[in-house]
> 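Pasting in a structure now, in structure tokens, and then I'll have a few things to ask.
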Amino acid sequence: MNRPVQSYGKLGVALFAATTISSLSIKAADAQSNQLGSSSTTLEEPIKRTVLFRGNLEGVEGKEIVIFIAELAPGAVGSKHYHPGPEFFYVLEGTLAHEPEGNAAHTMKPGNLGSNPNKGVHIIRNPSTTERAKAIDFLVAEKGQPLVISVK
């Protein structure tokens with residue numbers, strides 16, 4: 001009975017460490033990008049997802065952990081979707097409106113943590129018309145599945 005608790009404890013520590021490292025890496029990349037004269041606020045897509053890490057979840061057959069950055073352009077609205085496993089996300093910058101199916105949207109600011117259950121349908125949007133939003137996402141997924149699965 002203690003094994004799952006220990007595994008989740010280790011996963012929590014790993015997620016915290018990955019968040020810290022990723023946050024520092026993102027800030028360094030943004031600073032470097034700004035020094036080169038490129039605009040870090042210009043996105044080619046309304047929602048851009050960049051995978052930072054994808055690997056096996058040790059001790060859990062058929063599962064993987066995926067860490068990715070989700071960047072939302074000003075005013076971006078994601079389609080109704082779900083992820084192939086539980087999702088945990090941390091807002092790095094800007095404002096996100098997170099709306100789980102059947103619930104009212106709630107606004108999240110930098111430093112806020114959110115989650116979606118396994119295959120929990122939701123919508124995410126950036127309510128700002130002038131600033132981008134960015135979050136780091138941790139997904140414990142069924143191995144080989146896409147990050148996002150749209151729902152009609």
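Predicted, not measured: the structure shown is a model, and the values here were computed from it.
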> Please report the C-alpha distance between Phe68 and Leu52 in whole Å, then the side-chain angles of each, then the deciding distance to 0.1 Å, and finally whether the side chain to side chain contact (heavy atoms under 4.5 Å, CB included) criterion is met.
CA-CA 5 Å; Phe68 63 96; Leu52 302 175; 5.7 Å; no
> Looking at Asn116 and Glu87, would you say the former's side chain and the latter's main chain have a donor-acceptor pair under 3.5 Å?
no
> What are the two closest heavy atoms between Pro110 and Gly94, and how far apart are they?
CD-O, 3.1 Å
> Taking side chain as C-beta onward, heavy atoms only, is Leu139 less than 4.5 Å from Leu147?
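The answer is yes; the side chains approach within 4.5 Å.
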> Side chains of Arg132 and Leu72: does their closest heavy-atom pair fall under 4.5 Å?
no
> Might you confirm whether atom NZ of Lys143 has over 12 heavy atoms from other residues, nucleotides or ligands at distances under 6.0 Å?
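Open: at most 12 neighbouring heavy atoms sit under 6.0 Å from NZ of Lys143.
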> Count I, L, V, M, F, W, Y as connected when their side-chain heavy atoms are under 4.5 Å apart, and connections chain through other members. Are Phe138 and Phe53 then in the same cluster?
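They do share one cluster, since a chain of ILVMFWY contacts under 4.5 Å joins Phe138 to Phe53.
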> Indicate if Val66 and Tyr90 have the same hydrophobic cluster label, given that clusters are the connected sets of ILVMFWY residues with side-chain heavy-atom separations under 4.5 angstrom.
no
> Any salt bridge between Glu142 and Lys119, counting N to O under 4.0 Å?
yes
> Report yes if some heavy atom in the side chain of Ile124 is under 4.5 Å from a heavy atom in the side chain of Ile47; otherwise report no.
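Heavy-atom side-chain distance check passes, below 4.5 Å.
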> Could you tell me whether the side chains of His98 and His122 share a donor-acceptor contact shorter than 3.5 Å?
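The answer is no; no qualifying pair exists.
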> Using a 3.5 Å distance criterion without hydrogens, assess whether the side chain of Asn126 forms a donor-acceptor pair with backbone atoms of Ser128.
yes
> How far does NZ of Lys48 sit from CD of Glu71, to the nearest 0.5 angstrom?
5.5 Å
> Which heavy atom of Pro100 sits nearest a heavy atom of Ala104, and at what distance?
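Smallest interatomic distance, heavy atoms only, reads CD-O, 4.3 Å.
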> I need the Lys109 NZ to Thr95 OG1 distance, nearest 0.5 Å.
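With rounding to 0.5 Å, NZ (Lys109) is 3.0 Å from OG1 (Thr95).
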> Shortest non-hydrogen contact from Leu96 to Ala133?
CD2-CB, 3.6 Å
> Going through the distances and angles, do Val91 and Met108 end up as a side chain to side chain contact (heavy atoms under 4.5 Å, CB included)?
CA-CA 7 Å; Val91 181; Met108 303 176 71; 3.9 Å; yes
> Decide side chain to side chain contact (heavy atoms under 4.5 Å, CB included) for Ile67 and Asp137; before the verdict, give the C-alpha distance in whole Å, the side-chain angles of both, and the deciding distance to 0.1 Å.
CA-CA 6 Å; Ile67 302 171; Asp137 287 57; over 6 Å; no
> Test of understanding: clusters of I, L, V, M, F, W, Y form through side-chain heavy atoms closer than 4.5 Å, transitively. Do Leu113 and Leu92 belong to the same one?
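Same hydrophobic cluster.
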> Are the side chains of Ile69 and Lys134 in contact, using a 4.5 Å heavy-atom criterion?
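Yes - at least one pair of side-chain heavy atoms lies under 4.5 Å apart.
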> Can you check side chain to side chain contact (heavy atoms under 4.5 Å, CB included) on Val148 and His83, steps first, answer last?
CA-CA 5 Å; Val148 177; His83 304 277; 3.8 Å; yes
> When you compare the side chain of Asn118 with that of Pro86, does any pair of heavy atoms fall below 4.5 Å?
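Side-chain contact under 4.5 Å: yes.
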> How long is the span from the CZ atom in Phe89 to the CG atom in Asn112, to the nearest 0.5 Å?
9.0 Å
> Atom CD1 in Ile136, atom OG1 in Thr50: separation rounded to 0.5 Å?
11.0 Å
> List the atom of Ala97, the atom of Pro127, and the distance in Å for their closest heavy-atom pair.
N-CD, 4.0 Å
